[in-house]
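Sequence lines set the chain letters: A, B, ... in the order given, protein chains first and strands last, and positions in each chain run from 1.
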There are 4 protein chains.
Amino acid sequence: MNKTKIMSAAIDVFSENGYHRASMDDIALRAKVAKGTLYYHFPGKAQLFKTIVMDGLQVITDRIRNELRTDLSLEEQIRRIIRHNLDLFLDSSGFAHIVFNELSNGIDQEVLEELNELKLGYIRFIAEVLEGSREEGVMINVNCSLAAAGIVGLLNSSCDYFLTYGSSINRDDLEHFLYQIITTGLFLTPGGKPDGMLN
Amino acid sequence: MNKTKIMSAAIDVFSENGYHRASMDDIALRAKVAKGTLYYHFPGKAQLFKTIVMDGLQVITDRIRNELRTDLSLEEQIRRIIRHNLDLFLDSSGFAHIVFNELSNGIDQEVLEELNELKLGYIRFIAEVLEGSREEGVMINVNCSLAAAGIVGLLNSSCDYFLTYGSSINRDDLEHFLYQIITTGLFLTPGGKPDGMLN
Amino acid sequence: MNKTKIMSAAIDVFSENGYHRASMDDIALRAKVAKGTLYYHFPGKAQLFKTIVMDGLQVITDRIRNELRTDLSLEEQIRRIIRHNLDLFLDSSGFAHIVFNELSNGIDQEVLEELNELKLGYIRFIAEVLEGSREEGVMINVNCSLAAAGIVGLLNSSCDYFLTYGSSINRDDLEHFLYQIITTGLFLTPGGKPDGMLN
Amino acid sequence: MNKTKIMSAAIDVFSENGYHRASMDDIALRAKVAKGTLYYHFPGKAQLFKTIVMDGLQVITDRIRNELRTDLSLEEQIRRIIRHNLDLFLDSSGFAHIVFNELSNGIDQEVLEELNELKLGYIRFIAEVLEGSREEGVMINVNCSLAAAGIVGLLNSSCDYFLTYGSSINRDDLEHFLYQIITTGLFLTPGGKPDGMLN
DNA sequence: GATGAATGAGACTTCATTCAT
DNA sequence: TATGAATGAAGTCTCATTCAT
């Protein structure tokens, strides 16, 4: 399928160059189709981008949803959210980057709004999980959407750092650190729960 | 000073449109100078951008540094870091956005590296503060740079959400939430420290 | 018949957008056939256009010819020519427009010449009617083809004005005006034939 | 002046090819400037076209206005209008063609409306002259704007025919014919004013 | 110091046409 | 007969940069 080939090439090119530096020529070249073919399958650059983002978010959402069963403890749920987001941010860092960082640039207003809806949808999905835990009385009383947004930024930024400068850190450390800061924060708790014995 | 006028205009234009959609024409227009004048004072678009980012990070760094005296408790130091970052992200959200989100896109490789150095410098500056606290034994044992990077992402993303959808949240709540998640996390601590009585 | 459906759709699309802005996609869409089908029935866009123009001119020519019997007075013949041309220009203004105005633009040279032949044929047809009258001594001595060409332009342009700005004029006035200018001109005749009593 | 060179080249290219077939590349080539220079001086193709049309209509309007003094007889005024329009249509037939025929095609709606305003302005200008005569009681009672529109179409179409097929006609004949049809029409007048002795 | 006209590479997009099915 | 995916030439327009003044 050409359409698939195009989307795959587009993910690569967008990821490597960001939205603006990615050129339709490049995408066509990479997909080994004529430039016109892009426009046969997608109305334009912005919509191609949107389609990719939609698909990507759908995949990760589905993947997480499938693993989040209600019989899991909140701790385990948080852990899994972190793990899958790490998968997303580390394995598809270029893709994640354009979704979570480049969404507010100079994309056609119309498409930009849809994209922000998608991102918001993702945040809300995570917020729902938190919501569940809050109701169970495990979590402090916060605006869960705000918390979800913050968590995504935390994960994103940490992964960026990890990928760029984190040669001395291993992935498990990263995962552990993220779990820790999200659940119990950076401070040593009064009761003196020691580092490394959180579980 | 024309140079100052240009930089001021450039901040506005870059903030409003992002790096790529910002045009030298726009900047010249806004600065009320001829386009050629831009090139008299700056070698090119990328360098103009770099200069702005450098200046901006310097200003915020200095401002925080001036308020962080070693005789302050770590709690107060964290609180001040959060407060000043909120000032940055909320008051100059456009500027903060391009610094923390758009830095990895399609800017000339050469300049991009320098910009990442700047960003890293900022993260290290925050990391140093954390480092201090860790040595005092108030903080858990983590890679402070990683933590700093994560915190910046957390702040950035939370502010984005706050600015776009957070009409029901007030700034104090936001500040409180950030302090909480950074210091003690989202979970209720074993000892049962109740929400709202963190200080 | 698909061919008929295509021609009908093509008339609409060409009329609404002019030759150049009309796209084969639009025509196929409107005709509810696949784009390839257009090329099964017609060699290309220019030839499709030509076919439509030929058909249209044939229809109007036939219609007029059927009503012009030699036993009619010249006055009546002129009147009928005007009336049928008004029908054409007013009812099918889009079609008339492309035939009489857009014929000399950027259509493939080859087809363009054929189209001009068609238009010339139509002018000659009207010229013949005038010719007949001139021989009967009712008309002044002019080049009848030139007169016919002029009349078509007069009708065309008047109708354009009528359709765009002529809300205060009714069709009978328009018809009357055209009859008048063609037959006795704008000036009051020496004998003083008063307006409105021409018949 | 480059701007002048561009406008001059644009007149040629538009005249030869019509609006749609005229390409900005062609115009730049003909004007011997870089493509970007076109866009430095004009916002786009449509506006370049508009500017040309405005200028052209202004020139012809001014030229006629300068020669139309109120002490002239209506006959002489009509004669001069015809003469100057012939100058326009014959000497600059390509230009006249795009102004009077191609104005309704696929030009950007916005610019198209302005262009129609211009054309209407020209028609109104001629209508005013007619208006004057009607008030003097020399002319029959007609809607002068309608008559002006018709006259322009008559002139335009006659000139087209003359240029394409009129090798056997000379310009004086053409001028005479037009004067005749406009003033006294095609019919022999009751009083029997013989052809060729209209003055 | 400052200007602004000029440049040209490169971007996005359109669309008539082809062709394997 | 009919389809529709694919093509690629050609078009309009943007914009960072240069340079003579």
Side-chain angles (χ1 to χ4, degrees), chain A residues 1-3 5-6 20-28 31-48 106 108, chain B residues 1-3 5-6 19-29 31-49 108, chain C residues 1-3 5-6 19-29 31-49 108, chain D residues 1-3 5-6 20-28 31-48 106 108:
Chain A
M1 280 298 96
N2 266 350
K3 191 163 180 174
K5 266 166 50 185
I6 291 171
H20 286 98
R21 298 276 279 211
S23 84
M24 295 299 264
D25 280 271
D26 258 18
I27 295 171
K32 288 182 184 154
V33 298
K35 216 189 317 185
T37 309
L38 301 188
Y39 289 87
Y40 181 77
H41 291 288
F42 302 91
K45 186 182 183 179
Q47 287 84 354
L48 170 54
D108 303 341
Chain B
M1 275 295 99
N2 267 351
K3 190 162 182 174
K5 268 167 41 185
I6 291 172
Y19 180 77
H20 286 98
R21 298 276 280 213
S23 79
M24 295 298 265
D25 281 82
D26 257 18
I27 295 170
L29 199 68
K32 287 179 184 158
V33 299
K35 207 185 339 181
T37 310
L38 302 188
Y39 288 86
Y40 180 79
H41 291 288
F42 301 91
K45 188 183 179 181
Q47 287 83 357
L48 169 55
F49 184 64
D108 303 339
Chain C
M1 276 297 96
N2 267 352
K3 189 162 182 174
K5 269 167 41 185
I6 291 172
Y19 180 77
H20 286 96
R21 300 274 280 209
S23 80
M24 296 298 264
D25 282 82
D26 257 18
I27 294 171
L29 199 69
K32 287 178 184 157
V33 298
K35 209 186 336 183
T37 310
L38 301 188
Y39 289 86
Y40 180 79
H41 290 290
F42 301 91
K45 187 182 182 181
Q47 288 84 356
L48 170 55
F49 184 63
D108 302 340
Chain D
M1 280 297 95
N2 265 352
K3 190 164 181 172
K5 267 167 48 184
I6 291 172
H20 286 97
R21 298 277 280 211
S23 83
M24 295 298 265
D25 280 273
D26 258 19
I27 295 172
K32 287 178 184 157
V33 298
K35 214 186 322 184
T37 309
L38 301 188
Y39 290 88
Y40 180 77
H41 290 288
F42 302 91
K45 187 183 181 180
Q47 286 85 354
L48 170 55
D108 302 340

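Atom CG in Leu48(A) sits roughly 16 Å away from atom P in dA11(E) (whole-Å rounding). Rounded to whole Å, atom P of dG4(E) lies 14 Å from atom CE of Met1(D). Rounded to whole Å, the distance from CZ on Phe42(B) to C1' on dA2(E) is 14 Å. Rounding to whole angstrom units, CG of residue Leu29(C) and C1' of dC15(E) are separated by 14 Å.
Distance OH/Tyr39(A) to CD1/Ile6(A): 11.0 Å, rounded to 0.5 Å. Between the NZ atom in Lys35(A) and the CG atom in Asp26(A) there is a gap of 11.0 Å [rounded to 0.5 Å]. In this structure, NE2 in His41(B) is found 8.0 Å from CE in Met1(B), a value given to the nearest 0.5 Å. With rounding to the nearest 0.5 angstrom, the OG1 atom of Thr37(D) is 13.0 Å from the CD1 atom of Ile27(D).
Remark: the separation of the P atoms in dT21(F) and dG1(E) is 23 Å, to the nearest Å.
Between Lys32(D) and His41(B), the residue anchored nearer the 5' end of DNA chain E, judged by the nucleotide with its closest heavy atom, is His41(B). With the nearest nucleotide of DNA chain E identified for both Ala34(D) and Leu38(B), Leu38(B) has the one nearer the 5' end.
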For every nucleotide of nucleotides 11-16 of chain F, 5' to 3': is a protein heavy atom under 4.0 Å from its base (B), only from its sugar-phosphate (S), or from neither (-)? SBBB-B

Dot-bracket for DNA chain E, 5' to 3', counting Watson-Crick or G-U wobble pairs under 3.5 Å, with [ ] for crossing pairs and | for inter-strand pairs? .||||||||||||||||||||

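Heavy atoms only, all atoms of each residue included: Leu38(D) and Met24(D) are closest at CD1-O, 3.2 Å. Of all heavy-atom pairs between Lys5(C) and Lys32(C), the closest is NZ-O, 4.1 Å.
When atom types are taken as modelled, the side chain of Lys45(D) and the backbone of Ala22(D) share a donor-acceptor pair closer than 3.5 angstrom.
Here Asn2(C) does not reach the OP1 or OP2 of dT1(F): none of its side-chain N or O atoms lies under 4.0 Å away.
The cationic group of Lys3(C) does not satisfy the cation-pi geometry with Tyr40(C), failing either the under 6.0 Å distance to the six-membered ring centre or the 45° limit from the ring axis.
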